[in-house]
Amino acid sequence: MDAPLLKERERATFNVTELIHLLNGSEEETKRRKELESWLYNNPVFRQDDRYQISREEVYERGLQKTRELVNLCRRKNIKFDSLDFARLNISTLEELPFFLHVIMFIPTIRGQGTEEQKRKWLPLAEDLKILGTYAQTELGHGTFLRGLETKATYDVSSREFIVNSPTITSMKWWPGGLGKTCNYAVIAAQLYTKGKCYGIHMFIVQLRSLEDHKPLPGVTIGDIGNKYGFHTVDNGFLRLDNVRIPYENMLMRYAKACDYIPPVNPKINYGTMTSIRVDLVKDASVILAAASTIAIRYSAVRHQTEIRPGEEPPVLDYITQQFKLFPQIATAIAFHFAGDYMHRIYDKVQSEIFDGHLSAITELHGISAGLKAFTTDTSIAGVEICRRACGGHGYSNASGFQRFYENWLGSATYEGENTVMYLQAARYLFKCYDNPKEAPETMSYLRYPQNKMEWNVKSADDVSNYATLITAFEQRALSKISSTAKKLKNLTHYGMNRNDAWNAASVDILHSIKAHCHYFIVKNYMQSLNHLKMSSPLRQVMTAVALLYANYGIDEHAGDFLESGFMNGKQINLVRAKILQLLKEIRVNAVAIVDSFDFDDRFLRSALGAYDGNVYNRLFKWAKLSPLNKTEVHSSYKYLRRILQSKL
Ligand SMILES: CCCCCCCC/C=C\CCCCCC(=O)SCCNC(=O)CCNC(=O)[C@H](O)C(C)(C)COP(=O)(O)OP(=O)(O)OC[C@H]1O[C@@H](n2cnc3c(N)ncnc32)[C@H](O)[C@@H]1OP(=O)(O)O
Ligand SMILES: Cc1cc2nc3c(=O)[nH]c(=O)nc-3n(C[C@H](O)[C@H](O)[C@H](O)COP(=O)(O)OP(=O)(O)OC[C@H]3O[C@@H](n4cnc5c(N)ncnc54)[C@H](O)[C@@H]3O)c2cc1C
């Protein structure tokens with residue numbers, strides 16, 4: 001164990017194990033998670049030490065080998081794909097496996113939108129992996145605008161079949177995970193046509209490849225879309241269908257019927273699978289940022305560089321600027337942990353209502369999940385990059401561990417709903433509630449009360465240590481943004497602009513409003529969650545400091561908003577900044593212990609900088625020696641070098 005990390009751990013003022021159990025939910029949950037991880041990490045198939053020395057094809061092949069191991073493990077241990085245990089195992093692999101979409105979207109779409117008869121037929125095949133499916137919605141020409149999708153499913157009454165067709169090149173399905181080479185089925189989003197009329201997007205089960213030899217079926221043109229930023233294990237694919245016929249029974253008809261068309265009670269019920277992934281992404285944002293913070297904090301405690309006082313080369317974690325970069329990332333990871341818990345609670349509640357036939361809450365769930373998905377993924381992507389940059393040159397090495405998970409996470413600003421679009425969707429719901437405050441859900445209850453101008457009676461740094469005053473500050477900031485934007489929308493329509501054009505004209509202000517609302521929700525949920533949790537006073541002291549840092553840092557980061565709202569003045573902003581410096585100092589002694597409480601196994605982080613023992617330099621050198629260029633002392637390309645050296649300029 002590197003001496004600096006040992007010393008850091010000895011200085012901690014709270015019990016790390018207590019925080020590990022609190023973040024996991026309980027001691028039993030911690031034990032279960034570690035047991036599941038051990039099953040993976042002790043299996044050499046899940047190794048990744050040579051991850052950046054193998055080709056895309058080898059990466060994909062490894063992905064299938066891992067899939068086989070994971071499936072065999074689940075079968076041996078009787079772990080179901082829709083279980084929390086599987087979700088934990090999946091996160092522990094920390095890369096998307098080729099059959100990932102089968103589990104997170106293909107099966108859930110059938111389960112959520114299939115009739116009882118369709119579920120009886122398809123779920124056993126899918127859960128036993130007799131068929132492997134993906135969720136094929138996005139097309140070359142459209143990903144966001146689902147009503148603009150071009151794939152057609154035309155009902156042929158005479159044969160009781162649907163003819164599924166990609167009429168144009170832009171209608172080709174493009175991006176679905178596992179589509180290129182892995183899956184032999186897909187749930188296809190297509191415009192339903194029957195008796196010459198279009199009834200909008202519905203979901204259809206289509207077989208793509210033979211179950212005997214995996215060759216594409218007649219009318220199916222299919223393949224991988226090529227290399228991307230990340231998701232290298234996943235064969236995101238393209239698919240063109242040339243009048244492929246499928247049985248009538250292959251349209252998922254829990255909520256709509258094709259023959260003598262019966263529409264769904266709410267057409268957006270077909271979008272339910274996307275909502276479930278957005279809900280998961282909120283918690284994933286916390287995990288990713290916690291992992292990045294662990295690497296950066298441990299490395300910063302070991303890395304000694306330059307001098308604060310002559311003759312003393314301190315750990316870079318002693319630099320206030322380094323603390324100002326990294327401690328807010330720890331705080332954000334914990335804030336998003338509690339936001340993810342909230343999202344799952346709300347999702348489970350709405351899902352049970354939907355299964356009882358009450359669909360009214362799906363709009364609220366969409367409004368909340370779309371906004372938090374965008375806010376938490378945007379923030380965590382930026383936070384990972386802050387952590388990486390805080391590690392200097394070695395942060396730029398693949399040995400740091402950052403790239404491996406960051407390259408997948410970058411996509412979260414786009415997949416499952418491009419973030420700007422998601423923000424605007426959430427804002428659509430927010431402004432509806434602003435206009436009808438009595439219909440506002442609990443998360444927007446502050447819209448119910450008259451907007452009265454408030455002054456923040458904060459006179460000293462201690463006043464910015466109060467959860468209630470901080471929550472009120474974020475509430476007033478959001479209200480200020482929302483009410484001024486609502487006024488702008490009203491003026492635009494008052495002077496003759498139609499609602500849609502007015503919405504577009506005000507969309508930058510709308511974006512600021514929904515972001516302020518999301519930020520308010522995260523702060524409020526974070527502080528209320530801590531208030532409801534039982535913990536020892538030493539731990540509560542630490543968790544309070546971290547939560548206060550999250551809120552005060554948010555005020556400092558958006559000081560203009562708080563000043564513009566009239567709720568705060570310049571002197572109070574300076575009190576907030578003084579509070580931040582005081583909190584950085586308070587958190588410094590526990591920084592390493594807090595990231596230890598995220599409890600990442602070294603084999604999850606796979607980082608020479610963030611390993612638990614802090615033995616950074618030996619790991620970096622060991623990793624460098626793995627470089628293929630070092631297989632020989634003189635590389636085989638020397639012949640070219642020699643000509644360069646001998647050539648005359
Ligand atoms: C350590 C962990 C590491 C893990 C890291 C990796 C994790 C990886 C996870 C996943 C892997 C990646 C998988 C990616 C899969 C995909 O990307 S699948 C495709 C996703 N595509 C989308 O999300 C498309 C986005 N577009 C839309 O959702 C819609 O087109 C739209 C909502 C933007 C617009 O649709 P439109 O029909 O035009 O609606 P509007 O006319 O705007 O009306 C909106 C009304 O509809 C309601 N609504 C919309 N969506 C929903 C919904 N999902 N649920 C319920 N209601 C919805 C909305 O509330 C409006 O209602 P009102 O009319 O009453 O206001
Ligand atoms: C790694 C990865 C995996 C994926 N997996 C799948 C999958 O398994 N299945 C699947 O079906 N799809 C998948 N997708 C596709 C993904 O869902 C879409 O890319 C995503 O929905 C965004 O749609 P788009 O690409 O059409 O972007 P666009 O919507 O074209 O976005 C382009 C720009 O236009 C802006 N824009 C678009 N509409 C509006 C609007 N109304 N108002 C303001 N601005 C707007 C956006 O903000 C953005 O800046 C995946 C994508 C990635 C990157």
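Here the structure is a predicted model, which means the values were calculated and not measured. Whatever order the structure lists ligands and atoms in, that order sets their numbers, starting from 1.
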**Student:** Does an N or O anywhere in Arg428 fall below 3.5 Å from an N or O of ligand 1?
**Tutor:** yes
**Student:** What atoms of ligand 1 come within less than 4.0 Å of a heavy atom belonging to Ile362?
**Tutor:** 55 (C)
**Student:** Check Arg32 with Glu29, please: is the shortest side-chain N to carboxylate O separation under 4.0 Å?
**Tutor:** no
**Student:** Between Arg147 and ligand 1, does any nitrogen or oxygen pair lie at a separation below 3.5 Å?
**Tutor:**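 Between Arg147 and ligand 1 (N or O atoms, distance only) the closest approach is under 3.5 Å.
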**Student:** Does NZ or CZ of Lys283 come closer than 6.0 Å to the centre of the six-membered ring of Phe336, within 45° of the ring's axis?
**Tutor:**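 No cation-pi geometry.
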**Student:** Assess whether a salt bridge exists between Glu385 and Arg388, defined as any Lys/Arg side-chain N lying under 4.0 Å from an Asp/Glu carboxylate O.
**Tutor:** yes
**Student:** Out of Met422, His142, Gln425, Glu364, whose heavy atom sits nearest atom 42 (O) of ligand 1?
**Tutor:**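 Heavy atom nearest to atom 42 (O) of ligand 1 belongs to Gln425.
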**Student:** Thr144 and Glu418: side-chain donor and acceptor closer than 3.5 Å?
**Tutor:** no
**Student:** Using the six-membered ring wherever Trp is involved, compare the ring planes of His142 and Phe145 and label them parallel, tilted or perpendicular (cut-offs 30° and 60°).
**Tutor:** tilted
**Student:** Given that the side chain starts at C-beta and the backbone is N, CA, C, O, which of these parts of Val421 lies under 4.0 Å from ligand 1, counting heavy atoms, or is it both or neither?
**Tutor:** side chain
**Student:** Which of the atoms of ligand 1 are close to Thr275, meaning less than 4.0 Å from one of its heavy atoms?
**Tutor:** 52 (C), 53 (N), 54 (N)
**Student:** Would you say Gly143 contacts ligand 1, with heavy atoms under 4.0 Å as the rule?
**Tutor:** yes
**Student:** Show which atoms of ligand 1 fall inside a sub-4.0 Å distance from at least one heavy-atom site of Phe145.
**Tutor:** 38 (O)
**Student:** Using a 4.0 Å cut-off to any heavy atom of Lys432, which atoms of ligand 1 qualify?
**Tutor:**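 Per the distance check, 62 (P), 63 (O), 64 (O), 65 (O).
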**Student:** Please, which pairs that meet salt bridge (charged side-chain N to carboxylate O under 4.0 Å, His left out) have at least one residue in residues 355-374, sequence neighbours excluded?
**Tutor:**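 Output for this query is empty, none listed.
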**Student:** Numbering the atoms of ligand 1 from 1, which are under 4.0 Å from a heavy atom of Arg278?
**Tutor:**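 Result: 22 (C), 23 (O), 25 (C), 28 (O), 53 (N).
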**Student:** Could you list all the ring-ring contact (aromatic ring centres under 6.0 Å, His included) pairs where at least one residue sits in residues 340-384, not counting sequence neighbours?
**Tutor:** Tyr342-Phe521, Phe375-His519
**Student:** Is the shortest side-chain heavy-atom distance between Thr134 and His102 below 4.5 Å?
**Tutor:** no
**Student:** Is it the case that ligand 1 has an N or O less than 3.5 angstrom from some N or O of Thr138?
**Tutor:**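 No: no nitrogen or oxygen of Thr138 is under 3.5 Å from one in ligand 1.
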**Student:** How would you list all residue pairs meeting side-chain hydrogen bond (donor to acceptor under 3.5 Å, both in side chains) that involve residues 177-189, not counting sequence neighbours?
**Tutor:** Tyr60-Thr182, Thr182-Asp235, Tyr185-Gln207
**Student:** Below 6.0 angstrom between ring centroids: does that apply to Phe204 and Phe162?
**Tutor:**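 Centroid separation for Phe204 and Phe162: below 6.0 Å.
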**Student:** Check Arg298 with Asp596, please: is the shortest side-chain N to carboxylate O separation under 4.0 Å?
**Tutor:** yes
**Student:** Flag the pair Arg62 and Glu58 as a salt bridge only when some basic side-chain nitrogen lies within less than 4.0 angstrom of an acidic carboxylate oxygen.
**Tutor:** no
**Student:** Applying a heavy-atom distance cut-off of 4.0 Å, which protein residues contact ligand 2?
**Tutor:** Leu101, Tyr135, Gln137, Thr138, His142, Gly143, Thr144, Trp175, Pro176, Gly177, Phe231, Asn236, Thr414, Tyr415, Glu416, Glu418, Thr420, Val421, Leu424
**Student:** Considering the heavy atoms of Phe100, write down every atom of ligand 1 situated less than 4.0 Å from one of them.
**Tutor:** 8 (C), 9 (C), 10 (C), 11 (C)
**Student:** Which atoms of ligand 1 have any heavy atom of Thr363 under 4.0 Å away?
**Tutor:**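 Near Thr363, meaning under 4.0 Å from one of its heavy atoms, ligand 1 has 59 (O).
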**Student:** Is the contact between Tyr429 and ligand 1 made by the side chain, the backbone, both, or neither, using heavy atoms and a 4.0 Å cut-off?
**Tutor:**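 None of Tyr429 does.
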**Student:** Determine whether a donor-acceptor pair (N or O, by modelled atom type, separation under 3.5 Å) exists between the side chain of Asn250 and the backbone of Ile246.
**Tutor:** no
**Student:** Do Thr151 and Glu139 meet the criterion of a side-chain donor-acceptor pair at a distance under 3.5 Å?
**Tutor:**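 Note: Thr151 and Glu139 side chains meet the donor-acceptor criterion.
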**Student:** In terms of relative ring orientation, are Phe600 and Phe598 parallel, tilted or perpendicular, with 30° and 60° separating the classes?
**Tutor:**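 If you compare the ring of Phe600 with that of Phe598, the planes turn out tilted.
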**Student:** Apply the side-chain hydrogen bond (donor to acceptor under 3.5 Å, both in side chains) test between Lys34 and each candidate in Asp601, Asn24, Asp599; give the one that qualifies.
**Tutor:**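 Testing Lys34 for a side-chain hydrogen bond (donor to acceptor under 3.5 Å, both in side chains) against Asp601, Asn24, Asp599 leaves exactly one candidate, Asp599.
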**Student:** So which of Lys283, Met274, Lys268 gets nearest to atom 46 (O) of ligand 1, if we judge by its closest heavy atom?
**Tutor:**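 The option holding the nearest heavy atom is Lys268.
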**Student:** Could you name the option among His366, Lys373, Gln137, Glu418 that has the heavy atom nearest to atom 52 (C) of ligand 1?
**Tutor:**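 Looking at heavy atoms only, the winner is His366.
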**Student:** Side chain or backbone, does Thr144 bring an N or O within less than 3.5 Å of an N or O on ligand 1?
**Tutor:** yes
**Student:** Does an N or O from Glu416, backbone or side chain, lie closer than 3.5 Å to an N or O of ligand 1?
**Tutor:** yes
**Student:** Would you call Asp435 and Lys432 a salt bridge, using N to O less than 4.0 angstrom?
**Tutor:**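 A salt bridge is absent here (no side-chain N lies under 4.0 Å from a carboxylate O).
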**Student:** Would you mind telling me if ligand 1 is within reach of the side chain of Met105, the backbone, both or neither, using heavy atoms under 4.0 Å?
**Tutor:**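 The side chain, only.
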**Student:** What I want to know is whether Tyr415 and ligand 1 share at least one N or O pair that is separated by under 3.5 angstrom.
**Tutor:**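 No, Tyr415 has no N/O under 3.5 Å of an N/O on ligand 1.
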**Student:** I need the atoms of ligand 1 closer than 4.0 Å to a non-hydrogen atom of Trp409, numbered in the order shown.
**Tutor:**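 Ligand 1 atoms under the 4.0 Å threshold to Trp409: 5 (C).
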**Student:** With respect to Gly417, determine whether any N or O atom, backbone or side chain, lies less than 3.5 Å from an N or O atom of ligand 1.
**Tutor:** yes
